[in-house]
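Just so we're clear, the structure is a prediction, and the values are computed from it rather than from any experiment.
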Amino acid sequence: MRKIVFYRLKNNECPVENFLESLSNKQVEKVFFVLELIETIDVVPRKFFKKLEATDDIWEVRVQYGNNIFRLFGFFVGNDLIVLNHAFTKKTQKVPNKEIKIAEQRKKDYFSKRR
């Protein structure tokens with residue numbers, strides 16, 4: 001079983017929590033429904049969770065609610081811990097490179113703090 005945690009910045013701010021606070025209650029419910037699937041199902045459908053190509057092992061949580069598409073980025077620590085470190089509303093077909101760069105930088109920061 002996987003466990004999902006949210007990354008915190010040096011000032012203890014949590015980018016994913018901040019993003020979730022900007023959503024409606026129903027949108028947040030859908031996000032947590034998908035996160036629970038990822039934590040509890042052995043083989044998660046790619047519709048909800050997939051590794052992003054050409055990245056530093058960044059994984060994407062995929063949530064759609066009505067016409068809104070949300071993405072939460074993160075990475076694995078070991079086999080079972082997922083650290084979600086970035087979230088945004090997707091407005092284009094392709095994932096914007098700047099969003100991936102933010103997730104990759106926060107991943108580097110996370111591992112540099114663990115040494």
Nearest 0.5 Å, please: how far is [atom2] in [Y] from [atom1] in [X]?
{"X": "F48", "Y": "F33", "atom1": "CZ", "atom2": "CZ", "result": "6.0 Å"}
{"X": "L37", "Y": "R2", "atom1": "CG", "atom2": "CZ", "result": "10.5 Å"}
{"X": "I58", "Y": "I102", "atom1": "CD1", "atom2": "CD1", "result": "11.5 Å"}
{"X": "I69", "Y": "Q64", "atom1": "CD1", "atom2": "CD", "result": "4.5 Å"}
{"X": "F19", "Y": "C14", "atom1": "CZ", "atom2": "SG", "result": "12.5 Å"}
{"X": "R62", "Y": "R46", "atom1": "CZ", "atom2": "CZ", "result": "7.0 Å"}

Would you say N11 has more than 12 foreign heavy atoms packed within less than 6.0 Å of its CG?
->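 Above 12, so yes.
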
Within 6.0 Å of CD in E36, more than 12 heavy atoms from elsewhere |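 Not buried by this count: 12 neighbours or fewer within 6.0 Å.
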
Assess whether side-chain contact (heavy atoms from CB on, under 4.5 Å) is satisfied between Y110 and V77, documenting all intermediate values.
-> CA-CA 10 Å; Y110 177 89; V77 178; 3.6 Å; yes

Once you measure the plane-to-plane angle for [X] and [Y], does it fall in the parallel (<30°), tilted (30-60°) or perpendicular (>60°) bin?
{"X": "F73", "Y": "F88", "result": "perpendicular"}
{"X": "F6", "Y": "F32", "result": "tilted"}
{"X": "F76", "Y": "W59", "result": "perpendicular"}
{"X": "F75", "Y": "F111", "result": "tilted"}

In plain terms, say whether K107 and D56 are close enough for a salt bridge, that is, a side-chain N and a carboxylate O under 4.0 Å apart.
->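 Between D56 and K107 there is a salt bridge, with a charged N closer than 4.0 Å to a carboxylate O.
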
Cationic N near anionic O, under 4.0 Å, E60 to K51 |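 Salt bridge: no.
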
Looking only at heavy atoms, which two atoms of V63 and K30 are closest? And how far apart?
->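 Of all heavy-atom pairs spanning V63 and K30, the closest is CG1-CG, 3.5 Å.
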
Can you hop from [X] to [Y] via hydrophobic side chains spaced under 4.5 Å?
{"X": "L20", "Y": "Y65", "answer": "yes"}
{"X": "L52", "Y": "F49", "answer": "no"}
{"X": "L81", "Y": "I41", "answer": "no"}
{"X": "V83", "Y": "V16", "answer": "no"}
{"X": "L23", "Y": "I4", "answer": "yes"}

With I82, the side chain to side chain contact (heavy atoms under 4.5 Å, CB included) member among L35, V61, I38, L72 |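 Single side chain to side chain contact (heavy atoms under 4.5 Å, CB included) partner of I82 among L35, V61, I38, L72: I38.
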
Can you tell me if [X] uses its side chain to pair, donor with acceptor, with the backbone of [Y] under 3.5 Å?
{"X": "K26", "Y": "E29", "answer": "no"}
{"X": "R106", "Y": "G74", "answer": "no"}
{"X": "Q27", "Y": "S24", "answer": "yes"}
{"X": "N85", "Y": "Y7", "answer": "no"}

Would you check, one step at a time, whether the test salt bridge (charged side-chain N to carboxylate O under 4.0 Å, His left out) holds for K10 with D109?
-> CA-CA 9 Å; K10 287 182 175 87; D109 177 62; 3.0 Å; yes

Pair N25-V28, side-chain contact (heavy atoms from CB on, under 4.5 Å): steps then yes or no | CA-CA 5 Å; N25 287 344; V28 171; 5.6 Å; no

Derivation of the side-chain contact (heavy atoms from CB on, under 4.5 Å) call for K3 and D80 | CA-CA 6 Å; K3 178 176 167 57; D80 299 322; 6.0 Å; no

Would you say R71 and E99 make side-chain contact, with heavy atoms under 4.5 Å?
->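 Result no, sub-4.5 Å side-chain heavy-atom pair not found.
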
Apply the test salt bridge (charged side-chain N to carboxylate O under 4.0 Å, His left out) to residues E17 and R8: give CA-CA distance (whole Å), side-chain angles for both, the deciding distance (0.1 Å), then the verdict.
-> CA-CA 9 Å; E17 283 177 2; R8 293 200 168 274; 3.2 Å; yes

